[in-house]
Amino acid sequence: MKDIVREKPIKFNIPRRIKGLSDLAYNLWWVWHPEAQRLFKDIDDLLWEDSYHNPIVFLRDVDRARLNAATNDRYFLDQYDRVMREFDRYMKEKDTWFSKTYPDLTDELMAYFSFEFGLHESLMVYAGGLGILSGDHLKEASDLGIPLVAVGFVYTYGYFSQRISEDGWQHADNVPIDFNALPLIRIMDEDGEPVKISIDLPGRKAYARIYELNIGRVKLYLLHTNIPENDPKDRQLTDRLYISDLELRISQEILLGMGGVRALRALGYEPTAWHMNEGHSAFLTLERALEYVKNGKSFDQASKIIKHSNIFTTHTPVPAGNDEFPLWLIDKYFVQVWSDLGLTRDEFISIAKIKQSWGGDAFSMPILALKLSEFRNGVSELHGKVAQEMWRFLWPEKDVDEVPIGYITNGIHTETWLARQMGILFSRYLGSDWSVHLDDPDLWAQIENIPDEELWKVRRHLKRKLVAYIISRGREQWKTTRVHPVQTIASGVLLDPYALTIGFARRFATYKRANLIFRDYDRLLNIVTNARMPVQFIFAGKAHPADEPGKQMIQEVYRAVKDARFGGRLAFLEDYDMNIARYMVQGVDVWLNTPRRPREASGTSGMKAALNGVLNFSVLDGWWREGYNGHNGWAIGDDITRDDDLEKQDEMDALSLYDTLENEIVPMYYEQRSADNLPGEWIAHMKENIRTLAGQFSMRRMVKEYVNQYYHPALLKGIEERNGKEK
Ligand SMILES: *Cc1c(COP(=O)(O)O)cnc(C)c1O
């Protein structure tokens, strides 16, 4: 490790007795330790809400008198000492799953690259599912003691903030990220200058600074280009997520892939193997190859060497969703790279050439990653198969089921998504060390130990909490006086904390069919407004700002939500983020997902819901196709892909949806009640759902699979490669 200096931007003024709060604030460990969050909440619960659960802002703004009061509160100090001991123990733990399973590999290092990381709502460097998956991956890598370092971006503007106008149109506000309000540690050199890396762009260099973020034991390095050294246009490289402008986009991806490798080198890291989460970082393969070519290898030799220690995960089940660049852009940005690699233009382009539907060629990021990685996977069984078909042309000599793309089904980081009250139940009835065994099926078999009435009580509590939160948001919105009254109704202030509640929250991409439920509008009206058995729906989600059909779909949903005939039983929550996601996946009764199969590569929000006892009601696509067993939730449609006739698929799925809702879900919730008013059958489903899904779709199971199937062999290859280099 070179001499680098880590500089925290803020020195807090905190009483000595509790000064450890500052260490907590600079490590996201607190995000998945509710007892650590409680400390901030106990000091000042209103400020904790106002700071949007951000400990840095909290400690900056908190009243000194409240901190002093805390130091005189014996109960608080006990909690504080317990949390700090636990944090300390966690950070120093040597006896981890990884060190026990792979004792010879503890000195090795994995590198993990992603465009976005969803770690917490106060850190808007994520857009959706891909980011949440990366964030959860890092938390679990920390828990399992995997030697891993990650690379991404911190943006000038967070992923946009969503406002819906009265006519249902989405407006996107760009909110600048306040770097001083985040636990970003500046990386400086010995002379107190920021450490910088550079990349080569046409006729110039662009520079990036490096920020460090601590996620338990894992470090994430975030690149940022809005610095005075750069050309004005290069300062925009890290302006925002998923820029549509192709020149900015290719520069961004050069920065992530090539710049990311350079950043790790500048910090003194020598990763043994490399994991690309989606194709955005695939240029890292070229930077790694360049390192070998500079040491005298040919590109052919170099690519064979690096391939063995590269892992590529694809998330995109449709060709159009893949990241590609027109060849004129490749000419403009890579002429130096291909000559440095000792290649001709044609040789270079042929590495990742893809035919376009209009006949021309483009340069495909997933193909680059697929060709230069030995380990390749999709994110569910069905998606693995779809990926094999989609990329079969790269292995023309193979049968489709021999195409070397495997799958590892996604998971979620249990403690990030679990309601605190559910965690208390698990501790009481599954054992206080339940989280140590959370991917063990035997653990979840004990779910039967939880008395029905206790589980039901927690579920009711969580729904009341969700509705109370929605009402308080509605009230705040009303106070701004910028909304029409009907928008306040649409925000959910008329929701009933005891009615059967169905949640639908995700990105508004058209294939997710948020409007499927409205296909037979009158039938839905009847279901929702049944006076004895009312049903309510809560929607949330953003459309990509350039996705007009996605925005139209929001508008269609919003029109229905405003329709007085539904009696305020439909709601749309603006500005979906991890905070709203947590409230929703913990608080509703049923989690609805209606993607057009097979386009939901995996989906993860349903896993978060399942963990909390919320029943899934979804198309048999992605993870749910593997999770559904007939007794742990409900299926929409059957286990057949009909993407050749979309109209027919929509019609069949809608009919299946209404039938199941009317004949099974609603009666099971309302009618099958015991003498003490408990819905016995529903609770049995809830328990079956937790028993079969909580462990199986945990990030723990997922990361262990990545390590056992890919990281382990890739690290062994990487070690061989290094030894070869030393010879
Ligand atoms: C979990 C999550 C997602 C991903 O959900 P899908 O089921 O994959 O659509 C997106 N956004 C947020 C804020 C999430 O928490």
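All ligand and atom numbering here is 1-based and tracks the order in the structure. Throughout, numbering of the chain's residues begins at 1 and tracks the sequence.
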| Going by distance alone, is a donor N or O of one side chain under 3.5 Å from an acceptor N or O of the other, for R625 and S380? | no

| query | Is the distance between the ring centroids of F115 and Y242 less than 6.0 Å? | reply | yes

| field | Contacting atoms of ligand 1, where contact means under 4.0 angstrom from a heavy atom of Y576 | value | 11 (N), 12 (C), 13 (C), 14 (C)

| For the residue pair Y669 and W682, does the interplanar ring angle fall in the parallel (under 30°), tilted (30 to 60°) or perpendicular (over 60°) class? | perpendicular

| field | Among L148, L138, V31, side-chain contact (heavy atoms from CB on, under 4.5 Å) partner for I215 | value | L138

| said: Using the ring centroid of each side chain, check whether H137 and Y112 are separated by less than 6.0 Å. | reply: yes

| request: State the atoms of ligand 1, each with its element, that fall below the 4.0 Å cut-off from a heavy-atom position in K512. | output: 9 (O)

| field | Which of the ligand 1 atoms, numbered from 1, are nearer than 4.0 Å to a heavy atom of A581 | value | 15 (O)

| For F539, the option from I517, I554, L592, I502 that meets side-chain contact (heavy atoms from CB on, under 4.5 Å) | I517

| field | Heavy atom of the protein closest to atom 8 (O) of ligand 1 (residue, atom name, distance) | value | T604 N, 3.3 Å

| query | Where do Y558 and G168 come nearest, in terms of heavy atoms and distance? | reply | CD2-CA, 3.4 Å

| field | Atoms of ligand 1, numbered as shown, that sit under 4.0 Å from any heavy atom of R506 | value | 9 (O)

| task | Could you tell me if any non-hydrogen atom of W417 lies under 4.0 Å from any atom of ligand 1? | result | yes

| request: Would you kindly specify which portion of N593 sits under 4.0 Å from ligand 1, judged on non-hydrogen atoms: side chain, backbone, both or neither? | output: neither

| task | Please determine, by modelled atom types, if H120 and N54 share a side-chain donor-acceptor pair under 3.5 angstrom. | result | no

| Is there at least one pair of N or O atoms, one from S605 and one from ligand 1, spaced under 3.5 Å apart? | yes

| task | Can you sort out which atoms of ligand 1 are near K608, meaning under 4.0 Å from one of its heavy atoms? | result | 1 (C), 2 (C), 3 (C), 14 (C), 15 (O)

| said: Looking at ligand 1, would R582 count as a contact under a 4.0 Å heavy-atom criterion? | reply: no

| What are the atoms of ligand 1, with element, lying closer than 4.0 Å to any heavy atom of G129? | 3 (C), 4 (C), 10 (C)

